[in-house]
There are 2 protein chains.
Amino acid sequence: MTERRPYRRESEERRRDDLIAAALELVAEGGLRAATVRAIADRAGVTPGLIRHYFSSKEDLTRAAYRKLMDSMTADSAAVLQDAPTDPLARLARFVVASVSPPVVDPVAVGLWAGFVHDVRRDASMREVHSATYLAFRDKLQSLIADLPRQATAQQLRREAIACNGLIDGLWLEGSVLPESFEDGEIAAIALASVGAILGVNLTQAYDLERNIL
Amino acid sequence: MTERRPYRRESEERRRDDLIAAALELVAEGGLRAATVRAIADRAGVTPGLIRHYFSSKEDLTRAAYRKLMDSMTADSAAVLQDAPTDPLARLARFVVASVSPPVVDPVAVGLWAGFVHDVRRDASMREVHSATYLAFRDKLQSLIADLPRQATAQQLRREAIACNGLIDGLWLEGSVLPESFEDGEIAAIALASVGAILGVNLTQAYDLERNIL
DNA sequence: TTCTGAATTACACAAACGTATAACAGCCGG
DNA sequence: CCGGCTGTTATACGTTTGTGTAATTCAGAA
């Protein structure tokens, strides 16, 4: 007659969220390899069997976790523009800076992203999630660029958006993987100057101006 | 009396190289998870035990494979400048284009890189390999920029190199993960235009000019 | 040709993996 | 206060993992 572990019954939504959160933590720390059924259950404070009660397989949980990650990333970048200024230059400047600063730039996020790369390339449904998120971010960037007081063709707009998005991604990558190689604010300053150069506008000035007003 | 598998004795270098190559193939295909001792041995045409004869542990083999990957990447980028023109603008243009074109831009390479990210962050020796390779590439880029007929301070040079490197990395990433989202040569054209804009020079023209001469 | 030693195979082992199933216990409607 | 539904735990199974060790066989030296 051994003691049986006491437990609480939780709502399905709560349990699924907890399990997904636990899985993401583990993937961030040690890659998908570290996110075993037992480790996830332990982190979430339940026993392994419960996972299969809420997810038909470990792969199912993995997909759910990836969706959650991507959704929260898009939400973060969108939140920056919530109370943004009306001046197009200042809006773009703020968006750029936010994209290469914490919490977006974060070793954990890169680890998470890297952990899913292989599954994204293999699994069609995960690739779809990835593609949608990526294009949503780029489209938002492109709309911010289109609002600038300039003249530009559609093709030029597209290419500028791709370039700026690539620059942001690259700086996001480097800043996250090798954070000790850069001074505070250096990446943000570089991002502003470079995006401004690509677009032919002065983002640095726009950012500083709006900052001083506040 | 079962039949024992026949085999050939090979040099240590040959065997180590084969095992490393097999490990890299598997990591590229399915991440570190797929690179099991047995799978690597099978791919290399030997039995699993042999791996531990040449590598003290699987982790040891992993480190060796990562070093090999990074070394070959630096070698690839260096090879581009082997028979490069003398004009600084044309040299930089060629380097930029090569960095965002095959074989550098390659889904396999991104998969490989992503597969190692976690181990890079955890293991000090792997982080050192990563850091050295990254900085070597950026330094090369910075020296190419410094050769341009312009005036620039040391800090400005550093930041321009970081920006261009980030842009190249980002385009490398996007072009590799979502190759179907871009037309042929589009990424190269974007890279030339954007790097040129960041540095205040016309790289597109320099690239086309040198191309027409050949 | 024979001998020797090192490269290679073969086998074994404990731990950890994802999965399946049955037993328990918390909680809601009576 | 009490059944019964089901969320949850417990346990077990077959596979695969990395690793350790002994047996074998290839290739060069003598």
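A, B, ... follow the sequence lines: proteins, then strands. Residue 1 opens every chain.
Aromatic rings from B:Phe137 and B:Phe95 are positioned such that their centres are separated by under 6.0 Å.
Atom CG in A:Asp60 sits about 14 Å away from atom C1' in C:dG18, given to the nearest Å. Following rounding to the nearest Å, A:Lys58 (NZ) and C:dT19 (C1') show an atom-to-atom distance of 12 Å. Atom CZ in A:Phe55 sits roughly 16 Å away from atom P in C:dA20 (whole-Å rounding). Atom CD in A:Glu10 sits roughly 15 Å away from atom C1' in D:dT9 (whole-Å rounding). Rounded to a whole Å, the CG atom of B:Leu32 is 14 Å from the C1' atom of D:dG18. B:Arg38 has its CZ atom 7 Å from the C1' atom of D:dG18, to the nearest Å. Regarding A:Leu50, its CG atom lies at a distance of 19 Å from the P atom of C:dC24, rounded to whole Å. Taking atom CG of residue B:Asp42 and atom P of nucleotide D:dT16, one finds them 13 Å apart after rounding to whole Å.
Contact between the side-chain N/O atoms of A:His53 and the OP1/OP2 oxygens of D:dT8 is not found at any separation under 4.0 Å. For A:Arg52, a side-chain nitrogen or oxygen approaches OP1 or OP2 of C:dA20 to under 4.0 Å. A sub-4.0 Å separation between OP1 or OP2 of D:dT8 and a side-chain N or O of A:Tyr54 is present. Note on B:Arg4: every side-chain N or O is 4.0 Å or more away from OP1 and OP2 of C:dT9.
Along DNA chain D, the nucleotide nearest to B:Arg5 and the one nearest to B:Arg33 differ in position, and the one closer to the 5' end is contacted by B:Arg33. Checking B:Pro48 against A:Tyr7, the closest nucleotide of DNA chain D that is more toward the 5' end is the one next to A:Tyr7. Nearer to the 5' terminus of DNA chain C, by closest-nucleotide assignment, is the contact made by B:Pro6 (compared with the other of B:Pro6 and A:Glu59).
Within 4.0 Å of B:Arg15, counting heavy atoms only, lie sugar-phosphate atoms of the nucleic acid but no base atom. If you check every strand for non-hydrogen atoms under 4.0 Å, B:Glu12 touches nothing. Within the 4.0 angstrom heavy-atom criterion, only backbone atoms of the sugar-phosphate kind lie near A:Thr36; the bases stay farther away. Residue B:Arg8 is in sugar-phosphate contact alone, with no base atom involved, counting any heavy-atom pair closer than 4.0 Å across all strands shown.
Summarising the local packing, CD of A:Glu59 is surrounded by 12 or fewer heavy atoms from other residues, nucleotides or ligands at distances under 6.0 Å.
Under the 30°/60° scheme for interplanar angles, the aromatic rings of B:Trp172 and B:Trp113 are found to stand perpendicular.
A donor-acceptor pair under 3.5 Å is absent between the side-chain atoms of A:Asn165 and the main chain of A:Ala161, judged by distance alone.
Taking the centre and axis of the six-membered ring of B:Tyr207, the NZ or CZ atom of B:Arg94 falls outside the cone set by 45° and 6.0 Å.
A donor-acceptor contact under 3.5 Å is formed by the side chain of B:Arg9 with the base of C:dA6.
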